[in-house]
Amino acid sequence: MINHDDHVREECGVFGVWSKQTDDVARIIYQGLLSLQHRGQESAGIAVSDTYGPAGNICTHKEMGLVSEVFHRDNLDRLHGNIGIGHVRYSTAGGSILANAQPIVLNYLKGILALAHNGNITNADEMRLELQKQAAIFNGSSDSETIAYRIAKERIQSDSIESAVYKTARIIKGGYALLVLSPRKLVAVRDPLGIKPLCLGKKADDYIVASESCAIEAVGGDFIRDIEPGEILSITDEGLKSDFHLQTKKRAHCIFEYIYFARLDSKLDGISVYDARIEGGRALARRYPVNADVVTGVPDSGLVAAVGYAKESGIPFSLAFHKNSYVGRTFIKPTKQERMSAVRAKLSILESVVKDKRVVLIDDSIVRGTTIANLINMLRQKGAKEVHVRISSPPFLYPCYYGTDVPDNSQLIANRLSVDEICRQIGADSLGYMDISDLPCMTKGLETCKACFDSNYPVK
């Protein structure tokens, strides 16, 4: 499925808890997943284990839908355990079906494990072929199943789950954050380049691992630190233990976490997401000034960059759109009229803000160009005299292979048309994209992956 709102999507989010105080971590994980819902809205799941109960058991529940749709009192009551992992998912590799929902739970010769995975593995096909040659029973199709089977295979020949995870991680290529649950341990892994985010928190004596710091704070925990790129962190009843053998000096944090994916109240690798977007808006104003009466942003992704543009330019910021939060998830419609109706159902224009005004409209990206064209048309219908579009990312020119659903080149409008041609096609009076040289100002020089803009892929 392709989302009709013309934005790229993150593949998923992960959340894990180790508790010494309660056998009800499923409810903590549920709250954490609600805070990561923006990272995946197709399926949700939780797997738990009781380290103080009978050995060798992991209980799980997962379904298609939002977290609040998948979980309710009865199924949460059945998930007893003091350690657990949770997952929310969009499909980028593999279809939007229950079989691909996570966590993956796998019984194998030495026991049982569960895995929650954010990202894509670029050598997954090669790994699958190797597993199929060595074990005829392997029939997994997703990256996550491939990783889980490989860990199980290595565990049979290793003395610990940590060793099996390390042996697997050292052959994986791509961007990933992994949570691996055994009946007694919780292991977290972040890819050596730091493409995918992962962080550690604590609540009293409980340890929490999450894709974003906002989820740790949402359950009443305190952020401790980011899990380092290349770190394998094991949490047991003896505490924390880290292995750094995967580490490399090279870094390539995903720039789009700061532009769009991450929640505003998160901090990733020492950078405030809110501050990064403010700086992005300021950079747009410096590079693409315009005479205008009001600055506004597309909810929710363009609002903070719009505030930054207003601060730098001196043009007043106003909310010009009302967002209907109860429309729910919508995907691509078969006709132009239905696509337009879907946009109108989700967003309406505040006429008094834009009537007879020259409007600067900020959004985070243009993928296919359909939604921004509809919004410009709606603004003009409400009396906007001019609409100047500013985009807080460079043009999408290349696909992403690390767990983001940037489509292939044929669907990327910037791959087919020049900026002037895009401007005419969407009906704007002017169009300015973030210049790729301005991106470092958002992350204070943090090394980032910008392959979807410049094709410099950090790992093949």
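- A salt bridge links Asp293 with Arg358: the closest approach of a Lys/Arg side-chain nitrogen to an acidic carboxylate oxygen falls below 4.0 angstrom.
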Discussion item. Test side chain to side chain contact (heavy atoms under 4.5 Å, CB included) on Val459 and Ile195; report intermediate values, then the result.
Written reply: CA-CA 10 Å; Val459 58; Ile195 296 173; 4.3 Å; yes
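- For the pair Asn415 (side chain) and Leu397 (backbone), a donor-acceptor distance under 3.5 Å is present.
- Here Lys385 contributes atom NZ and Leu379 contributes atom CG; the two are 14.5 Å apart, rounded to the nearest 0.5 Å.
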Worksheet entry | Residues Thr146, Ile121; criterion side chain to side chain contact (heavy atoms under 4.5 Å, CB included); working and verdict | CA-CA 9 Å; Thr146 303; Ile121 307 305; over 6 Å; no
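- Summarising the local packing, NZ of Lys311 is surrounded by 12 or fewer heavy atoms from other residues, nucleotides or ligands at distances under 6.0 Å.
- In plain terms, the two heavy atoms of Leu240 and Tyr207 that are nearest each other are CD1-CE2, 3.6 Å.
- A pairwise comparison of heavy atoms in Leu36 and Val14 identifies CD1-O, 3.3 Å as the closest pair.
- Shown here for Leu303 and Gly297, the closest heavy-atom pair between the two residues is CD2-O, 3.4 Å.
- Partners of Ala306 by side chain to side chain contact (heavy atoms under 4.5 Å, CB included), not counting sequence neighbours, listed by chain and number: Val295, Phe317, Ile362.
- The side-chain heavy atoms of Leu76 and Ile46, taken from C-beta on, include a pair separated by under 4.5 Å.
- Side chains of His322 and Ser348: a donor-acceptor N/O pair is absent below 3.5 angstrom, by distance only.
- Of all heavy-atom pairs spanning Ser392 and Ala305, the tightest one is CB-CB, 4.0 Å.
- Remark: Asp222 CG to Ser213 OG distance equals 11.5 Å, nearest 0.5 Å.
- Remark: Lys357 NZ is packed, more than 12 non-hydrogen atoms of other residues, nucleotides or ligands lying under 6.0 Å away.
- Judged by distance alone, with hydrogens and angles left aside, the side-chain atoms of His253 form a donor-acceptor pair with the main-chain N or O of Gly194 at under 3.5 Å.
- Separating the CD atom in Gln381 from the CD1 atom in Ile349 is a distance of 9.0 Å, to the nearest 0.5 Å.
- In summary, the side chains of Asp420 and Ser418 do not present any donor paired with an acceptor at a separation below 3.5 Å, with no hydrogens or angles considered.
- Ring centers of Phe256 and Tyr402: at least 6.0 Å apart, outside the cut-off.
- Gly65 and Val70 get closest at one heavy-atom pair: O-CG2, 3.7 Å.
- Annotation: side chain of Leu200 is not in contact with side chain of Ile208 (no heavy-atom distance under 4.5 Å).
- Looking at Thr168 and Arg150, their side chains never bring a donor and an acceptor atom within 3.5 Å of each other.
- At least one donor-acceptor pair closer than 3.5 Å links the side chain of Asn123 to the backbone N or O of Ile171.
- Side-chain atoms of Ser301 and Asp363 include a donor-acceptor pair closer than 3.5 Å.
- Of the possible donor and acceptor atoms, none in the side chain of Glu312 sits under 3.5 Å from a partner among the backbone N and O of Arg286.
- Put simply, OH on Tyr274 and NZ on Lys267 are 14.0 Å apart, with the number rounded to the nearest 0.5 Å.
- Side chains of Pro103 and Leu115 form no contact here, defined as non-hydrogen atoms less than 4.5 Å apart.
- Looking at heavy atoms from C-beta onward, Val273 lies out of side-chain contact with Glu257 at the 4.5 angstrom threshold.
- Phe223 and Ile216 make their closest contact through N-CG2, 4.0 Å (heavy atoms, listed as atom of the first residue, atom of the second, distance).
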Discussion item. Please determine whether side chain to side chain contact (heavy atoms under 4.5 Å, CB included) holds for the pair Leu361 and Phe321, giving the CA-CA distance in whole Å, both sets of side-chain angles, and the decisive distance to 0.1 Å.
Written reply: CA-CA 11 Å; Leu361 177 62; Phe321 296 92; 3.6 Å; yes
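- Taking 4.5 Å as the limit, some side-chain heavy atom of Asp226 sits within range of a side-chain heavy atom of Arg190.
- For residues 443-459, there are no salt bridge (charged side-chain N to carboxylate O under 4.0 Å, His left out) pairs, not counting sequence neighbours.
- For Tyr258 (side chain) and Leu268 (main-chain N/O), a donor-acceptor pair under 3.5 Å exists by modelled atom type.
- Within the 4.5 Å cutoff, the side chain of Val304 has heavy atoms near those of the Ile278 side chain.
- Counting only distance, with no hydrogens or angles, the side chain of Thr122 and the backbone of Lys173 share a donor-acceptor pair below 3.5 Å.
- Tyr288 is not listed as a side-chain neighbour of Val360, based on a closest heavy-atom distance of 4.5 Å or more.
- With hydrogens and angles disregarded, no donor-acceptor distance shorter than 3.5 Å links the side chain of Thr248 to the backbone of Pro192.
- In this structure, the side chain of Glu231 does not engage the main chain of Ser242 through any donor-acceptor pair within 3.5 Å.
- Between Asp300 and Lys323 a salt bridge is recorded (basic side-chain N to carboxylate O distance below 4.0 Å).
- Contact check for Lys382 versus Glu351: side-chain heavy atoms found under the 4.5 Å cut-off.
- The closest donor-acceptor contact from the side chain of Asp191 to the backbone of Lys196 lies under 3.5 Å.
- Two rings, from Phe396 and Phe453, have their centers less than 6.0 Å apart.
- Salt bridge status for Glu217 with Arg263: absent, with no side-chain N to carboxylate O gap under 4.0 Å.
- Here CG of Leu284 is found 4.5 Å from CE of Met434. Values are rounded to the nearest 0.5 Å.
- The closest donor-acceptor contact from the side chain of Thr296 to the backbone of Ser318 lies under 3.5 Å.
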Discussion item. Walk me through whether Met442 and Ile259 qualify under side chain to side chain contact (heavy atoms under 4.5 Å, CB included).
Written reply: CA-CA 9 Å; Met442 298 181 67; Ile259 293 171; 3.9 Å; yes
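- Salt bridge Glu212/Arg39: present, at least one basic N to carboxylate O contact under 4.0 Å.
- For the atom pair OH of Tyr398 and CG of Leu412, the computed distance is 10.5 Å after rounding to the nearest 0.5 Å.
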